[in-house]
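Data block below; observations after.
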Amino acid sequence: MNRIRSWILPVLALIVFAVIPFTASFYYQQIFFYIFLFAGVGFAWNLVGGYAGQLSLGHAAFFGIGAYTYALLAQHIGVWPALLAAAVLSTVSAAPIGLICFRLRGPYFALATIAVAQLLLVLATNQFKDLTQGAAGLLVQGMVSDPSLYYWVALGFMILAFAITALLATSKTGYYLMAIREDEDTAQTVTINTPLYKLYALLVSALLTGVGGAIFAANLGTIQPNDVFSGAISNQVVFLSILGGTGTLFGPLVGAVILEFASDWLKNALTGVAWLGDPNAFAFFLYGLLIVLVVMFMPAGIVGTLTKWWKGRVARVQSQRTTAAGV
Amino acid sequence: MSNHNGRPLLEFDHVKKHFGGLFVTNDVSFSIHEGEVLFIIGPNGAGKTTIFNQITGFVTPDEGDIRFEGRSIKGLRPYQIARRGIGRTFQIVKPLANMTVLDNVVLGAFAHTASKHQARKEAEEILALTGLDRWRDMLAGALPLAARKRLEIARALATRPKLILLDEVCAGLTPTEAVETIQLLKQLRDRGVSAIGGIEHVMRVVMEISDRVIVIHHGQKIAEGTPQEVTSNPDVIEAYLGSKLEV
């Protein structure tokens, strides 16, 4: 019974997602494209940042490597081989990045990840200008013939990312990652090779993030380093995961839905309000305010807070029951 | 005392460790045999926890060797030593606070199975054994201290250790709670788990369940023997209560 009930919501969501493109305008299809895409990347980030508790603030590194690998190779080796190459290269790049950054713990790890993404942004803009065309941008070969089909590409990507992370998170690996998050010393005393598992989580996360970057680039049609390697990408992935709930299965999707709709609604609502000035800038201000409020008052995020409340209720009822039974 | 057949399970062999100019472990040797319960006692700061940290790989000895089942474990990482079959608890309890009590123990059981079903089954058994089943779905961070200390033992036990190091599992407990923990430690021995305990103040625990006791003072072993022998040793009394003891 419980098993069936836990499937109801996901199945309903899938049905809704399958119907949307037939009823919504292209504008809203694109909003859903970004919801799915960033939810998928959020799922990927959540393995490292949520379950394993390693606050990566530089996932744009993998996003950008995936995007540029695809952009540079698609017209030469074909669209799907280029996507595969994007997955492989972002995964491979995660090995040295992980080996370097995981030498550090806590805030120092977070800073190192920012530095790596920033370094790649600078390299892509200046040093590898011949390859990337720098800030002038690069034309990107599309993945599908009709722009409206990107909706399905992103939906497929999100489902794949969810399936992989859910499979890992609910198995032995997920327990090991959570133990690492809670206390690395204790994790080692129960036989967990903590450096290996952290790296493992990062490799899987980078693979999915790289694929997300490639899809992002293909949908956009043209990219420049600032689109994919920037802090804005890294931050968005982190924020939507925190909003939805880090270390929860559905958190990133919930966060992505809210953030995308909120920012879209804000931009429209604020346009024409003269005294505000640039509506985009003001939307960013509100966005920042939202993050501060969530971190201060609901650090477990929406899904995390609800789950905690529910689990606490169940545990209370249970211990009352056993106490009443005279144990 | 238990029978000592063959070679010891753990040999702590002339180990030296210093932090700066201070010897925290100064040429200490002892061993423990299968099925034996050994307690390390000594005043605060004597170096008991550092001995534990050296056995479990969190601190590497400067000199000497540590062997488990005849093979050196010196220089191995903590998780490698845990895989050889040495479990431990921490003096300052480290529950995985945002995981439930059950999940804390399931985690330990994953050390020897990849099946979640199997790990859960074993964890439930251990929760029953340790009397923690009442709290199974509660977050570990919300447990009272006595239960958290027992959860440390339960989690370590779930990895199926051959030897378990208990760092002050009775400190801070009420006498009733300490008695419960003594019962649990006796059950461990019945399950064939050797144990090294390190307890300073709750001598009752030491007297009741240890086969052998060693006394550490200023990083040196000053006495070894049965609980009765050790507690009547004048050096030990002096170390605990200070010199010029008036009796």
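Hydrogens, waters and symmetry mates are skipped; everything else that's a heavy atom, side chains included, is used. Below, chain A is the first sequence line, B the second, and so on; all start at residue 1.
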Nearest 0.5 Å, please: how far is [atom2] in [Y] from [atom1] in [X]?
{"X": "F110(B)", "Y": "T173(A)", "atom1": "CZ", "atom2": "OG1", "result": "8.5 Å"}
{"X": "Q188(A)", "Y": "R83(B)", "atom1": "CD", "atom2": "CZ", "result": "9.5 Å"}
{"X": "T186(A)", "Y": "L107(B)", "atom1": "OG1", "atom2": "CG", "result": "9.5 Å"}

Any idea which heavy atoms bring [X] and [Y] closest together, and the distance?
{"X": "A111(B)", "Y": "T191(A)", "result": "CB-OG1, 3.5 Å"}
{"X": "Y175(A)", "Y": "V106(B)", "result": "CE2-CG1, 3.7 Å"}
{"X": "D185(A)", "Y": "F90(B)", "result": "CB-CZ, 4.1 Å"}
{"X": "R155(B)", "Y": "V190(A)", "result": "CG-CG1, 3.9 Å"}

In this structure, are over 12 heavy atoms from other groups packed under 6.0 Å from [X] atom [atom1]?
{"X": "R120(B)", "atom1": "CZ", "value": "no"}
{"X": "K308(A)", "atom1": "NZ", "value": "no"}
{"X": "L289(A)", "atom1": "CG", "value": "yes"}
{"X": "F19(B)", "atom1": "CZ", "value": "yes"}

Under a 4.5 Å heavy-atom cut-off, does chain A meet the side chain of [X], its backbone, both or neither?
{"X": "S115(B)", "value": "neither"}
{"X": "T56(B)", "value": "neither"}
{"X": "A156(B)", "value": "neither"}

Is there a side-chain contact between F58(B) and T189(A) (heavy atoms, below 4.5 Å)?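 They are in contact (side-chain heavy atoms under 4.5 Å apart), so the answer is yes.
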Sort by residue number and list every member of residues 193-211 of chain A having a non-hydrogen atom under 4.5 Å from chain B.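 The list, in residue order, reads N193(A), P195(A).
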Under 4.5 Å heavy-atom distance to chain B, tell me which part of T170(A) shows up: side chain, backbone, both or neither.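 For T170(A), backbone and side chain are both near chain B.
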Side chain E182(A), main chain N98(B), donor-acceptor under 3.5 Å: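 Looks like yes, one N/O pair under 3.5 Å.
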Between chain A and each of T113(B), N104(B), L96(B), count heavy-atom pairs under 4.5 Å; write down the option with the most.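 Most heavy-atom pairs within the cutoff with chain A belong to L96(B).
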